[in-house]
There are 2 protein chains.
Amino acid sequence: MGIKERKQKHKEDLRSKILEAAKELFVKEGFEATSIRKIAAKIEFSPTTIYLYYKDKNDIAYALHQEGFSLLRTQFLPLMHVESAFERLKAIGKAYIDFGFKNPDYYFVMFMLKDPMDFVNQNCGDEWEEGERVFDFLEQTIVDCQAEGYFKDMDKELMAVNAWTSVHGMVSLYLMGHLKKVAEVKNLQIENENLIEESFKLYIDLLARTKQ
Amino acid sequence: MGIKERKQKHKEDLRSKILEAAKELFVKEGFEATSIRKIAAKIEFSPTTIYLYYKDKNDIAYALHQEGFSLLRTQFLPLMHVESAFERLKAIGKAYIDFGFKNPDYYFVMFMLKDPMDFVNQNCGDEWEEGERVFDFLEQTIVDCQAEGYFKDMDKELMAVNAWTSVHGMVSLYLMGHLKKVAEVKNLQIENENLIEESFKLYIDLLARTKQ
DNA sequence: AAATTTACTTAACACTGTTAATTACTTTTG
DNA sequence: CAAAAGTAATTAACAGTGTTAAGTAAATTT
């Protein structure tokens with residue numbers, strides 16, 4: 001059935017071509033500005049063709065959401081070789097912050113948009129490979145930290161959640177422009193981006209105190 | 001000029017009537033679902049009338065954003081009388097989390113929407129009373145904690161930012177549905193809402209270790 | 001060669017925020 | 001008092017959005 005396979009190939013090609021176009025628009029002009037019609041225009045098909053390959057816009061948002069998580073994971077990959085667990089934890093935090101700064105739109109669909117996550121919660125049962133991989137790496141690092149004397153008597157999962165939410169708080173409030181305003185209003189010497197860096201250092205300092 | 005005053009009164013009335021309608025819609029159906037046309041229908045005026053009282057939709061979003069901050073402040077008000085500074089800090093954190101849980105849409109416009117904050121950054125110079133008041137209360141509590149032996153040698157503003165971002169991280173990832181998924185995937189015994197409570201306890205525990 | 005399936009398009013619906021032009025009414029002025 | 005000016009609201013329209021139903025043209029199967 002060579003012909004059927006070729007057809008199947010074509011279908012997959014167009015599906016990924018749509019996503020490719022969506023991704024380009026989305027990275028260049030942001031999520032809000034990426035419409036079905038613009039994606040269609042970019043690949044020179046009619047808007048309705050998109051619906052033959054993706055259920056709706058959320059479906060595309062979800063695909064980008066997934067891409068974001070796998071991109072984040074590639075940023076984490078080289079950190080696996082950092083020997084000291086606590087240093088690795090610091091490196092993960094920095095890489096996460098850096099990811100948010102350099103890919104604000106990805107960060108947005110991944111962590112600040114309800115729809116794609118609703119999609120995951122509804123359609124992915126109790127699995128979510130992309131997200132799980134990232135979280136597991138963090139959790140394993142926490143466990144390794146415990147072997148180094150940190151976080152004794154603390155729940156590993158809870159500690160991982162806390163580390164994640166803490167750093168996410170910094171990144172998201174930075175991206176929303178709240179930290180900028182605080183720095184301005186409070187007349188802080190410290191600049192906007194360094195504010196996160198310093199706040200992160202402070203958090204790490206809090207964590208370091210758990211060492212026994 | 002009694003007539004002019006009456007006219008002025010009417011203008012202000014309609015302006016606040018618009019906001020009232022916007023608020024009701026927005027609390028009932030969320031921010032996304034609140035359109036200019038729906039607001040107009042609710043007050044029985046034509047959609048374009050709105051534009052005579054508010055510059056655009058962002059202007060209304062900004063007004064709701066402000067209302068949110070003053071609402072949050074009223075939640076904090078009774079906590080001023082908590083004597084122990086560290087207990088007060090805990091109470092502030094809990095009240096903040098509670099606010100986010102009970103007013104997800106307010107929380108959304110206040111901290112998870114870019115436009116209203118852009119509005120603040122552009123039009124409010126280096127002042128922002130509503131936000132400043134809330135932040136100042138947190139900062140003063142940090143200072144009081146320092147008098148109790150916590151956060152020694154730590155910058156008060158940086159510590160306040162860290163406390164804020166930490167708790168915001170929990171609330172926003174909860175509201176987006178990320179924490180729910182983590183709890184599911186990782187098969188945590190702990191339930192969704194309790195996950196925040198426990199994570200918050202863990203954070204407080206980290207802070208408590210700074211006491212000298 | 002006819003029937004069926006496939007891939008895609010056109011047209012349309014029901015919305016969105018926003019602006020220009022227009023009406024109805026009130027106030028001020030000659 | 002009547003004409004001019006100003007005000008508050010409207011209608012109509014623009015340019016866009018996501019999405020669906022119906023239709024078309026080509027390829028494949030019968």
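A note on names: the letters A, B, ... follow the listed sequences, proteins ahead of strands, and every chain is numbered from 1. Since we're looking at a predicted model, the values are computed, not measured.
- Rounded to whole Å, atom P of dC15(C) lies 17 Å from atom CD of E32(B).
- With sequence neighbours excluded, the residues satisfying side chain to side chain donor-acceptor pair (under 3.5 Å) with K90(A) are E87(A).
- Partners of E132(A) by salt bridge (charged side-chain N to carboxylate O under 4.0 Å, His left out), not counting sequence neighbours: none found.
- Annotation: side chain to side chain donor-acceptor pair (under 3.5 Å) contacts of K186(A) (sequence neighbours excluded): D136(B), E139(B).
- What separates CD1 of I50(B) from P of dA9(D) is a distance of 11 Å, to the nearest Å.
- Here E129(B) pairs with R133(B) under the side chain to side chain donor-acceptor pair (under 3.5 Å) rule; sequence neighbours left out.
- Pairs of residues two or more places apart, or lying in two chains, that qualify as ring-ring contact (aromatic ring centres under 6.0 Å, His included) and include a residue from residues 23-43 of chain B are F26(B)-Y106(B).
- Following rounding to the nearest Å, L52(B) (CG) and dT19(C) (P) show an atom-to-atom distance of 12 Å.
- The side chain of Y53(A) places an N or O atom within less than 4.0 Å of a non-bridging phosphate oxygen (OP1 or OP2) of dC8(C).
- Summary of helix geometry: the two end axes of the helix from dA1(C)-dT30(D) to dG30(C)-dC1(D), each defined by five base pairs via their C1' atoms, are inclined to each other by 30° (rounded to 10°).
- In this structure, F45(A) atom CZ and dA7(C) atom P are separated by 11 Å, rounded to whole Å.
- Between T165(A) and V171(B) there is no side-chain heavy-atom pair separated by less than 4.5 Å.
- Counting only residues at least two apart or on different chains, the salt bridge (charged side-chain N to carboxylate O under 4.0 Å, His left out) pairs with a member in residues 104-123 of chain A are K114(A)-D118(A).
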Distance-only criterion, 3.5 Å: show the donor-acceptor pairs between side-chain atoms of residues 60-69 of chain B and protein atoms not counting sequence neighbours.
from: Y62(B); atom 1: OH; to: Q66(B); atom 2: NE2; distance (Å): 3.3
from: H65(B); atom 1: ND1; to: V109(B); atom 2: O; distance (Å): 3.1
from: Q66(B); atom 1: OE1; to: W128(B); atom 2: NE1; distance (Å): 3.2
from: E67(B); atom 1: OE1; to: K23(B); atom 2: NZ; distance (Å): 2.8

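- What separates CD1 of I43(B) from P of dT10(D) is a distance of 9 Å, to the nearest Å.
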| request: Using a 4.0 Å heavy-atom cut-off, write out nucleotides 15-26 of chain D from 5' to 3' as B (base contacted by protein), S (sugar-phosphate only) or - (no contact). | output: --BBBBB-----
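- The phosphate of dT10(D) (OP1 or OP2) has a side-chain N or O of T49(B) nearer than 4.0 angstrom.
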